[in-house]
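If you're wondering where the values come from, they're calculated on a predicted model, not measured in any experiment. Chain identifiers are assigned alphabetically (A, B, ...) following the order of the sequence lines, protein sequences preceding nucleic acid strands; residue numbering begins at 1 within each chain.
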Amino acid sequence: MGKIVVDANKSKLSLGLRELFQYKDLFITLAYRDLRVRYAQTILGFIWAFVQPLSSLLIFTFVFNKVIKVDTGDAPYQIFAMSGMISWTYFAFVLNQSGNSIIGAQGMVKKIYFPRLIIPLSKAVVGFVDFGIAFLLMIGLMIYFQYIPSSNIIYLPIFILLTVISALAVGIWVSVLTIRYRDFQHIVPFIVQFGLYATPIGYTTSTAVDKLPKWLSIIYYLNPIAGIIDGVRWSILGTEAPNQYAYISFSIVIIIFISGLFYFKKVEKVMADIV
Amino acid sequence: MSDIAIKVENLSKLYEIGNSKSGSIYESFSSLFSKNKEASSFWALNDLTFDINHGDIVGVMGRNGAGKSTLLKVLSRITQPTKGRFTINGRVSSLLEVGTGFHPELSGRENIFLNGTILGMSRSEIRQKMDEIVDFSGVEKFLDTPVKHYSSGMYVRLAFAVAAHLEPEILIIDEVLAVGDATFQKKAIGKMKSVSQTEGRTVLFVSHNIGSIQHLCTHSIVLNQGQMVHSGTTDSGIKYYLSSNQDNLKIPLSERTDRKGNQTAKIDDITINTQSNQNTSEFLSGIKGEFVFKYTSKEPLIKVGLRVEVLNSMQKSITVLNTYHSIGEFDLLNKEGELKCQFDRIPLSHGNYYLNFILISNQDIVDQVESAFSFSIEQSDFFNSGNIPLFKESAILDHTWNIT
């Protein structure tokens, strides 16, 4: 038998993880719904999931390999770019989806109780599909170029985990901020567009850091995903290890993630009133 | 197990009308510098304390804005109370809407899972009950069709079927029964009633419809402006609620404070004139007459509409007299005047009636009062046949018969 106590004067500090687990079935169905609906009534259907990363790869190859001629060492440029894109596509997808996630679910939020954190969390799960596809494409490229990944590959899971955490961290913040300030509906697409260039996807970080003054390098690594992409690339290609600035990125991720969870909890109480 | 299912102690909820917490960054900065924040807030619930025992079926009554929906939202944990606390002992489900979370692109079956898990069922529980749910809804043929192709009736039936198969110990439910076609409604109400009575569930039920509260509930709570003004058996609650409407009517309309809307204009007085009597509140069924709404306005109003709802003594809506339907929009260019609704023969049978009205200008509510006026109608020979219609408090349709 359940017992529920709600007291306006006592605020709980816990994040309610146990409750989140009780609602795992809702979590699964919401993620399933998003996946099912995503390519409903499209002619290409699931093929779209491949078209998008492939076309980005083409553009990157053209701009950074043919026009600007970025030096990527031993690795073929396509594998280099793709190793940056796997984390970025996931990060960008979750960021884009989270912004409107709670507003999009306001019909539910206003009519029934469930841990609201499920909404941005389920978006992070849906993003795994894009992540998986980008990953598949990269394996495909490796086979095509007969490229053998470096022995650092054992560290890859850590950086993938960090990718998920960073996407969630930013996603949770954006999902809450958008309810309070609808301005973020316009800011988020801009950030994603800007981030595509402010993140070392098509070019190496050393090209950026070498040319930037120190203070600007620090600002560059305030981008939570920048250091992680360095790490992913290091695991796969075995090139330069994440530099000292990359640790700024890692700390930022942890700070944003934890503060985001608590801010979310705080706003959750009044979410139905302000959404 | 204690006897108390829901224990509410000093529960209050404050709403801010200006709603400075949403909107744009600019607004929230500018609100930092604006004064009188207290003035733009109100207590939707004010210091409620009550207990509900296991097995009770409690109806919550009150007029619009009395705090019924807020109470449900707080008890359903959709929104947090500002003060006070409540305890719920037992597995609880709340139903403020049927079909929450339904997605038009998904099939009926997928939506059963979606809606079921939103309502708190587990996937295995839904799988077990799937046949029952489908059977109850009567849409088995279209189970794999996206629900966007459903008729609205089918949609509601499917949504209700899921809700009807919830098995909580405590059910918190809003007026969701007022949907669907009549046969289905009967089935749904029957299901509600059998579930609550035979299985000893606790139900908290909010409704405008006194009839369904009378039909379903054992106890009742009456709310008025956020406060609980009565609690007791269903009959005593209904009696109290109806008589509080009477009390309100003793106050002249122009002095009533239970108004909504932006108040740029006000209906100050409602009168009825008939052939033989000016300003009457008792007259015969079927005579010529007019309802007169006297207004004063601070400024000329454009695109005005007046919607008048006629209710019987059980607060059940009989009909609506809406300017949008009959004449369209008009402008109120004078600062005061009268709006007259005229009848050749007033088509209501004998009994007591109440009027609610909403005055709208440019799609904003200007003035709204419930139970603004009451009048009674005496029996008469409506059809001039020598046989007086005896049915009470409903519309009489003027008609003739032919045999060919």
Is it the backbone or the side chain of A:F27 that comes under 4.5 Å from a heavy atom of chain B, or both, or neither? neither
Please say whether more than 12 non-hydrogen atoms of neighbouring residues, nucleotides or ligands are located less than 6.0 Å from CD in A:E268. yes
B:G84, B:S94, B:G101: which one forms the most heavy-atom pairs within less than 4.5 Å of chain A? B:G84
Closest non-hydrogen contact found for B:R77 with A:E19 is NH1-OE2, 3.6 Å
Check each atom of B:T82 against the heavy atoms of chain A and say whether the ones under 4.5 Å are side chain, backbone, both or neither. backbone
Roughly how far, to the nearest 0.5 Å, is CG of A:L26 from OG of B:S122? 12.0 Å
Check whether any side-chain heavy atom of B:L119 lies under 4.5 Å from a side-chain heavy atom of A:I112, and answer yes or no. yes
Salt bridge or not between B:E110 and A:R36? Use side-chain N to carboxylate O under 4.0 Å. yes
Contact class of B:K7 relative to chain A, heavy atoms under 4.5 angstrom: neither
I need the residue from A:K111, A:M271, A:R33 with the largest number of non-hydrogen atom pairs under 4.5 Å to chain B. A:K111
Just wondering, are more than 12 heavy atoms of other shown residues or ligands nearer than 6.0 Å to NZ in B:K260? yes
Side chains of B:T117 and A:D25: any donor to acceptor distance under 3.5 Å? no
Over 12 non-hydrogen atoms of neighbours within 6.0 angstrom of CD1 in A:I43: no
To the nearest 0.5 Å, atom OH of A:Y32 lies from atom CZ of B:R123 at 8.5 Å
Taking every non-hydrogen atom, the tightest pair across B:Y15 and A:D273: OH-OD1, 3.3 Å
If every non-hydrogen atom of B:T100 is compared with every non-hydrogen atom of A:G107, which pair is closest and at what distance? CG2-O, 4.1 Å
Validation row: A:L30, B:L114 side chains within 4.5 angstrom (heavy atoms): yes
Is there side-chain contact between B:I118 and A:M108, with heavy atoms separated by less than 4.5 Å? yes
With a 4.5 angstrom heavy-atom cut-off, is it the side chain or the backbone of B:V92 that approaches chain A, or both, or neither? side chain
Verdict with supporting geometry, A:V270 and B:Q80, side-chain contact (heavy atoms from CB on, under 4.5 Å): CA-CA 6 Å; A:V270 290; B:Q80 281 260 327; 5.7 Å; no
So, taking the atom named CG in B:N89 and the one named NZ in A:K3, what distance separates them when rounded to the nearest 0.5 Å? 5.0 Å
Any chance you could measure A:Y113, atom OH, to B:L75, atom CG, to the nearest 0.5 Å? 14.0 Å
Once you round to the nearest 0.5 Å, how far does CD of B:E9 lie from CG of A:D7? 8.5 Å
If you define the side chain from C-beta out and look only at heavy atoms, does anything of A:I4 sit under 4.5 Å from B:T87? no
Under 4.5 Å from any heavy atom of chain B, what part of A:V267 do you find: side chain, backbone, both or neither? neither
A:F194, CZ: over 12 other non-hydrogen atoms inside 6.0 angstrom: no
